[in-house]
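Taking it in order: structure first as structure tokens, then the write-up.
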Amino acid sequence: PLTCRYQKESGHGGARNHSALDFIRQNNRTESHDAATHQGEIWERDPQGRLTLTHVFSDEKVALEYSTGDLKASGRLPAWSSVWSIVDPALFGKALPLQRKSVGNGLLEETYAGQIAGVDTTVDWLPVLKLPARITKTAPGGAEVLALENCWPMLKAPRQPLSESQLNQYRHIDFSDLGDMETDPVVQKIVALSGGRAHGSAGPR
């Protein structure tokens with residue numbers, strides 16, 4: 001079990017946006033929280049390898065739940081490796097060829113670079129943690145950087161996973177029910193906060 005804090009930076013034109021992202025990883029569960037949007041994701045894998053997603057809206061106290069079928073139907077069922085490691089290691093050596101190896105802070109770091117969906121992507125990878133030290137994406141419209149700040153053993157981390165009792169205080173909504181709830185003000189708000197993506201056209205990740 002491991003908790004890591006990343007810094008996110010994005011720039012489009014002259015505007016720069018910064019926020020922190022906490023990523024909590026356990027064997028069959030990951031949890032992430034974005035400090036800027038106050039949203040998070042909880043991914044879980046059951047003994048049969050099926051994935052489910054809970055999109056957490058902290059300010060609204062809403063947990064939007066996606067079943068495996070929902071994720072398949074909306075075309076956004078990921079490989080577990082990409083959830084567990086933030087970036088899918090299967091891309092390395094294929095879409096992202098190895099560029100170099102180096103040592104930083106006593107850890108081996110591998111740099112991979114290439115294009116993914118037309119976006120120039122560079123990943124500085126930490127094999128010992130199976131996590132990126134840095135991901136840089138550059139497109140004509142701007143650039144995005146996700147950079148590792150620190151990692152802790154989960155029990156000593158500044159943020160702990162949401163407990164079952166904490167999640168029970170949230171309003172739980174099934175993704176498959178959204179179409180019947182379009183007049184609900186809370187549903188309208190979380191769809192707007194997701195940029196319309198709560199309807200499944202793309203994921204909030």
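Below, each value reflects all heavy atoms present in this structure, side chains not excepted, and no hydrogens, waters or symmetry copies.
Of all heavy-atom pairs spanning Gly11 and Arg16, the tightest one is CA-NH1, 3.2 Å. The nearest pair of heavy atoms linking Arg5 to Pro158 is NH2-CG, 3.7 Å. Shown here for Arg29 and Pro161, the closest heavy-atom pair between the two residues is NH1-CB, 3.7 Å.
Hydrophobic cluster membership of Ile42, counting Ile, Leu, Val, Met, Phe, Trp and Tyr whose side-chain heavy atoms lie under 4.5 Å apart directly or via other members: Val56, Leu162, Leu167, Tyr170. Side-chain heavy-atom separations under 4.5 angstrom define the hydrophobic clusters, and Leu108 shares its cluster with no other residue.
Looking at residues two or more places apart in sequence or on another chain, you find a side chain to side chain donor-acceptor pair (under 3.5 Å) between Arg50 and Asp46, Gln48. Partners of Asn28 by side chain to side chain contact (heavy atoms under 4.5 Å, CB included), not counting sequence neighbours, listed by chain and number: Arg45. Not counting sequence neighbours, the partners of Lys189 by the salt bridge (charged side-chain N to carboxylate O under 4.0 Å, His left out) test are Glu60. Checked against salt bridge (charged side-chain N to carboxylate O under 4.0 Å, His left out), Glu109 has no partners two or more places apart in sequence or in another chain. For Gln169, the side chain to side chain donor-acceptor pair (under 3.5 Å) criterion is met by no residue, not counting sequence neighbours. Listed by chain and number, the residues in a side chain to side chain donor-acceptor pair (under 3.5 Å) with Lys8 are Asp34 (sequence neighbours excluded). Ala143 is linked by a side chain to side chain contact (heavy atoms under 4.5 Å, CB included) to Thr138, counting only residues two or more places apart in sequence or in another chain. For His172, the side chain to side chain donor-acceptor pair (under 3.5 Å) partners two or more places apart in sequence, or in a different chain, are Glu65.
At least one side-chain heavy atom of Phe92 sits less than 4.5 Å from a side-chain heavy atom of Val87.
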Could you pull out all donor-acceptor pairs under 3.5 Å where a side-chain atom in residues 110-131 meets a protein atom, sequence neighbours excluded?
{"from": "Glu110", "atom 1": "OE1", "to": "Tyr112", "atom 2": "OH", "distance (Å)": "2.6"}
{"from": "Thr111", "atom 1": "OG1", "to": "Asp124", "atom 2": "OD1", "distance (Å)": "2.7"}
{"from": "Gln115", "atom 1": "NE2", "to": "Asp120", "atom 2": "OD1", "distance (Å)": "3.0"}
{"from": "Thr121", "atom 1": "OG1", "to": "Val119", "atom 2": "O", "distance (Å)": "3.1"}

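A cation-pi arrangement is not found for Arg171 relative to Phe57, the charged atom failing to lie both closer than 6.0 Å to the ring centre and inside a 45° cone about the ring normal. Under the 6.0 Å distance and 45° angle rule, Arg25 counts as a cation-pi partner of Trp84.
With values rounded to the nearest 0.5 angstrom, Phe23 atom CZ is found 7.0 Å from Ser85 atom OG.
With 3.5 Å as the limit, one finds a donor-acceptor pair spanning the side chains of Asp70 and Ser67.
Sorted by first and then second residue, the pairs that involve residues 150-159 and meet side-chain hydrogen bond (donor to acceptor under 3.5 Å, both in side chains), not counting sequence neighbours, are Asp22-Arg159.
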